[in-house]
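Each remark here refers to the structure printed beneath this line.
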Amino acid sequence: MLTIHVAEASPEAAVLVDGASVAALGPYEDLAAVRPQARVRRWPGILTPGLLNPYGPEILEGTYHPDPREADEFGTRPVVGERAREIFRADPSRAGASARRGIQQLFAHGTVAVAGELRSRAVVDAVRRAGLALGQRPPNQPGPVSFSPSPLVLLPPLTVGGPARFAVFDVPDRPSLVRLGPATCVATVVEGRLVYRRR
């Protein structure tokens, strides 16, 4: 199915998606004229290539992301440090489910790629199935481990024929994204799939 994604503050940077790939890039009016049959998804803010989070291992292997049903036992916030290691040692099968919940949080922050060496087979499988790209860590690591690392690492521009992998943030421009952070994400698309949409 053909889908055009367009954001209000960047209508000149609309994306035509065909399956898992970018079929065309350009002003919304041009794409709509060429493919009038395409479904249109309109978003507030700006459309970007999405973010790389350099802390893949720390977030997906070194942090336990509790299931909401485990709130009484583990709370609702990510568990880190020795407590997380204890949880994984007690039940190694928790690694995959925890990583999947962590990936959903990454998607909610406009992250479409992670960096760092992943060692757990369960985590690698979760990343692969989710469609997250793997990238290189920046030479100078940003600040503390976070879903909103500082400084933000934007991926290179989208290309026609390349993977349909991008994120939309409810901000008027990129400087505002830097200032307000990736919690402003309203939509994340990976391999042409809408994997996150803010309610």
To the nearest 0.5 Å, what is the distance between OG on Ser98 and CD1 on Ile59? 11.0 Å

Please test Phe107 against Val189 for side chain to side chain contact (heavy atoms under 4.5 Å, CB included), starting from the C-alpha separation and ending with a verdict. CA-CA 9 Å; Phe107 286 155; Val189 173; over 6 Å; no

So, do Cys185 and Phe169 sit near enough that their side-chain heavy atoms are less than 4.5 Å apart? yes

Applying side chain to side chain contact (heavy atoms under 4.5 Å, CB included) to Leu47 and Val6, what does each step give before you reach the verdict? CA-CA 7 Å; Leu47 192 151; Val6 57; over 6 Å; no

In terms of heavy-atom contacts, Ile103 and Ala130 come closest through CG2-CB, 3.7 Å

If you look at every heavy atom in Val22 and Thr159, which pair is closest and at what distance? CB-O, 3.5 Å

Taking every non-hydrogen atom, the tightest pair across Gly62 and Ala84: O-CB, 3.7 Å

Can you measure from CZ (Arg39) to CG (Leu16) and round to the nearest 0.5 angstrom? 12.0 Å

Give me the ring orientation class for Phe147 and His65: parallel if the planes are under 30° apart, tilted from 30 to 60°, perpendicular past 60°. tilted

Are any of the side-chain nitrogens in Glu117 or Arg137 under 4.0 Å away from the carboxylate oxygens of its partner? no

All ring pair (Phe, Tyr, Trp, His ring centres under 6.0 Å) counterparts of Phe88, not counting sequence neighbours: Tyr64

Leu2 CG to Gln37 CD distance, which is reported to the nearest 0.5 Å: 5.5 Å

So, do Val153 and Pro138 sit near enough that their side-chain heavy atoms are less than 4.5 Å apart? yes

Flag the pair Leu51 / Leu155 as yes when at least one side-chain heavy-atom distance between them is below 4.5 Å, and no otherwise. no

For the CD atom on Gln136, are there more than 12 heavy atoms of other groups (residues, nucleotides or ligands in this structure) within a distance under 6.0 Å? no

Mark yes or no for whether Thr63, through its side chain, and Leu60, through its backbone, hold a donor-acceptor pair below 3.5 Å. no

OH (Tyr28) and CD (Glu12) are apart, to the nearest 0.5 Å, by 14.5 Å

Within the distance-only criterion (no hydrogens, no angle test), does the side chain of Ser120 pair as donor or acceptor with the backbone N or O of Val123 below 3.5 angstrom? yes

Output yes when Glu61 and Arg85 qualify as a salt bridge under the 4.0 Å nitrogen-oxygen rule, no when they do not. no

Minimum heavy-atom separation for Ala115 and Leu52, please, with both atom names. CB-CD2, 3.9 Å

Tell me, do Thr111 and Pro182 make a side-chain contact under 4.5 Å, heavy atoms counted? no

Between Val168 and Ala7, which heavy-atom pair has the shortest distance, and what is it? CG1-CB, 4.0 Å

So which pairs with a foot in residues 167-182 pass salt bridge (Lys or Arg N to Asp or Glu O under 4.0 Å), sequence neighbours left out? Asp170-Arg198

Measuring from Thr188:OG1 to Arg165:CZ, what's the distance to the nearest 0.5 Å? 12.0 Å

Determine whether Tyr55 and Ser146 satisfy the following criterion, side chain to side chain contact (heavy atoms under 4.5 Å, CB included), listing intermediate values before the conclusion. CA-CA 8 Å; Tyr55 298 113; Ser146 172; 5.9 Å; no

Is it the case that more than 12 heavy atoms not belonging to Arg89 sit under 6.0 Å from its CZ atom? yes

Side chain of Thr48, backbone of Gly50: donor and acceptor closer than 3.5 Å? yes

With a 4.5 Å limit on heavy-atom distance, are the side chains of Ile4 and Val15 in contact? no

With the side chain counted from C-beta on, respond yes when Pro68 and Thr76 share a heavy-atom pair under 4.5 Å apart, and no when they do not. no

Test your reading of the model: is there a side-chain donor-acceptor pair from Gln105 to the backbone of Gly102, 3.5 Å cut-off? no

Are Val114 and Leu106 close enough that some pair of their side-chain heavy atoms sits under 4.5 Å apart? yes

Quick one, Val195 with Gln104, criterion side chain to side chain contact (heavy atoms under 4.5 Å, CB included). Give me CA distance, side-chain angles, the key distance, then yes/no. CA-CA 8 Å; Val195 295; Gln104 287 305 310; 5.6 Å; no

So, do Trp43 and His5 sit near enough that their side-chain heavy atoms are less than 4.5 Å apart? yes

State the CG-OG1 distance between Asp18 and Thr3, to the nearest 0.5 angstrom. 9.0 Å

Search all heavy atoms of Ala14 against all heavy atoms of Pro27 and return the closest pair with its distance. CB-C, 4.3 Å

